[in-house]
Amino acid sequence: QLISKNYFLKNFIFNNPKIDQNLFTLYKESDGLWTKYWRKRCTIFFESCIPKHVKNENKIFLTNPQQFSQFINNIKLAKSDLSKIEYLCIVEPISDLYDIIEFFTLIKNKLPDYTKIMYTNFNWFWYPIFRISGITGFTRNRPYGNFYRNKDLDTFLDMTGWENVKKERRYIFPKQIPLLSYILENF
């Protein structure tokens with residue numbers, strides 16, 4: 001019985017579960033029918049928020065899990081020069097991050113102080129709808145995930161040295177359907 005307690009202490013209590021975990025969780029499931037349309041609409045929305053004088057080389061758009069994961073790996077390996085980046089736009093949901101605090105700390109140390117981050121987040125009230133749409137194939141199936149409240153995200157940003165300048169609460173309908181999209185996006 002003493003051996004089993006020591007084994008338990010050695011292997012479970014003192015080991016950090018984050019050591020071997022990737023910072024960004026990639027899903028093996030393919031994108032849903034509406035995912036590419038939703039990403040395109042989010043990208044257009046983010047572009048509309050960025051002043052026109054900002055050059056393309058001073059903006060980074062992370063529009064899919066592969067780009068997001070590659071960006072994180074490049075930052076960790078110091079492969080990218082981020083000294084002139086003014087806007088980091090994360091179209092892929094921030095809830096796909098395994099450790100959001102580590103991510104915000106990592107980019108705070110690598111990006112200039114004047115950089116602004118725009119990201120998407122799912123409201124946890126929408127979880128049943130996202131779950132059903134994932135099962136039916138309309139969106140990427142997310143068997144699990146982090147659904148952060150706005151207060152949680154504010155706390156994470158504050159803990160890592162970022163300041164929340166503006167919140168924009170929008171529901172971006174995946175496809176542009178003239179009257180329906182307007183009603184849903186301005187509700």
Side-chain angles (χ1 to χ4, degrees), residues 15-29 31 35-36 38-124 126-127 130 139-140 142 144-172:
N15 287 344
N16 183 351
K18 295 181 182 179
I19 289 176
D20 295 328
Q21 181 69 32
N22 287 331
L23 190 56
F24 184 77
T25 305
L26 286 176
Y27 297 98
K28 293 179 182 175
E29 291 83 7
D31 288 343
T35 306
K36 67 179 179 180
W38 179 81
R39 286 182 182 143
K40 184 177 179 181
R41 300 274 327 273
C42 284
T43 303
I44 291 168
F45 172 71
F46 282 168
E47 275 285 350
S48 71
C49 297
I50 299 174
K52 301 290 183 212
H53 65 69
V54 177
K55 297 176 184 175
N56 283 339
E57 59 266 12
N58 297 346
K59 301 181 266 188
I60 296 177
F61 282 86
L62 305 175
T63 59
N64 61 49
Q66 293 76 20
Q67 287 178 346
F68 205 162
S69 182
Q70 187 64 42
F71 175 75
I72 291 169
N73 290 335
N74 287 345
I75 286 179
K76 284 183 172 181
L77 300 174
K79 288 185 176 181
S80 300
D81 177 25
L82 303 173
S83 62
K84 295 182 180 178
I85 300 300
E86 294 181 46
Y87 286 88
L88 173 61
C89 302
I90 305 169
V91 176
E92 197 60 28
I94 202 88
S95 59
D96 288 348
L97 284 168
Y98 177 73
D99 188 345
I100 194 167
I101 294 173
E102 182 182 347
F103 173 73
F104 282 138
T105 302
L106 186 65
I107 61 175
K108 181 67 176 173
N109 295 332
K110 302 291 184 173
L111 293 171
D113 290 337
Y114 55 82
T115 301
K116 293 172 182 56
I117 302 172
M118 291 192 275
Y119 60 86
T120 57
N121 182 41
F122 294 139
N123 186 324
W124 63 276
W126 288 93
Y127 177 76
F130 286 126
T139 62
R140 185 174 60 211
R142 288 180 165 82
Y144 58 87
N146 301 316
F147 285 86
Y148 299 116
R149 295 183 344 224
N150 286 334
K151 290 181 181 181
D152 295 336
L153 288 170
D154 289 343
T155 302
F156 298 149
L157 290 168
D158 189 48
M159 288 171 59
T160 56
W162 290 97
E163 177 186 0
N164 191 346
V165 177
K166 181 180 179 182
K167 290 181 190 175
E168 186 79 31
R169 296 185 73 172
R170 287 254 170 123
Y171 173 73
I172 298 179

Rounded to the nearest 0.5 Å, what separation is found between the [atom1] atom of [X] and the [atom2] atom of [Y]?
X      : Y      : atom1 : atom2 : answer
Asn109 : Phe104 : CG    : CZ    : 13.5 Å
Glu92  : Asn64  : CD    : CG    : 6.5 Å
Leu106 : Ile101 : CG    : CD1   : 13.5 Å
Phe46  : Tyr119 : CZ    : OH    : 10.0 Å
Arg41  : Ile44  : CZ    : CD1   : 7.0 Å
Thr160 : Glu102 : OG1   : CD    : 11.5 Å

Of all the heavy-atom pairs spanning [X] and [Y], show the shortest one and how long it is.
X      : Y      : value
Thr120 : Cys42  : CG2-SG, 4.2 Å
Trp38  : Val91  : CH2-O, 3.4 Å
Tyr114 : Ile85  : CE1-O, 3.6 Å
Ser83  : Pro112 : O-CG, 3.1 Å
Arg39  : Thr63  : CD-O, 2.7 Å

*Mark yes when over 12 heavy atoms from residues, nucleotides or ligands other than Lys40 sit less than 6.0 Å from its NZ; otherwise mark no.*
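No - once you tally the heavy atoms of other residues, nucleotides and ligands closer than 6.0 Å, there are 12 at most.
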*Among Val165, Ile90, Ile94, Asn164, which one satisfies side-chain contact (heavy atoms from CB on, under 4.5 Å) with Ile117?*
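Only one option passes, and that is Ile90.
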Got [X] and [Y] here, is their nearest side-chain heavy-atom distance under 4.5 Å?
X      : Y      : value
Ser69  : Ile72  : no
Leu88  : Leu62  : yes
Asp113 : Lys108 : yes
Leu82  : Ile60  : yes
Leu97  : Phe68  : yes

*Any residue meeting ring-ring contact (aromatic ring centres under 6.0 Å, His included) with Phe156, in chain and number order, not counting sequence neighbours*: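 Applying ring-ring contact (aromatic ring centres under 6.0 Å, His included) to Phe156 gives Tyr148.
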*Taking side-chain hydrogen bond (donor to acceptor under 3.5 Å, both in side chains) as the test, write out the residues that go with Lys59, two or more places apart.*
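In terms of side-chain hydrogen bond (donor to acceptor under 3.5 Å, both in side chains), with neighbours along the sequence ignored, Lys59 is linked to Glu47, Asn56.
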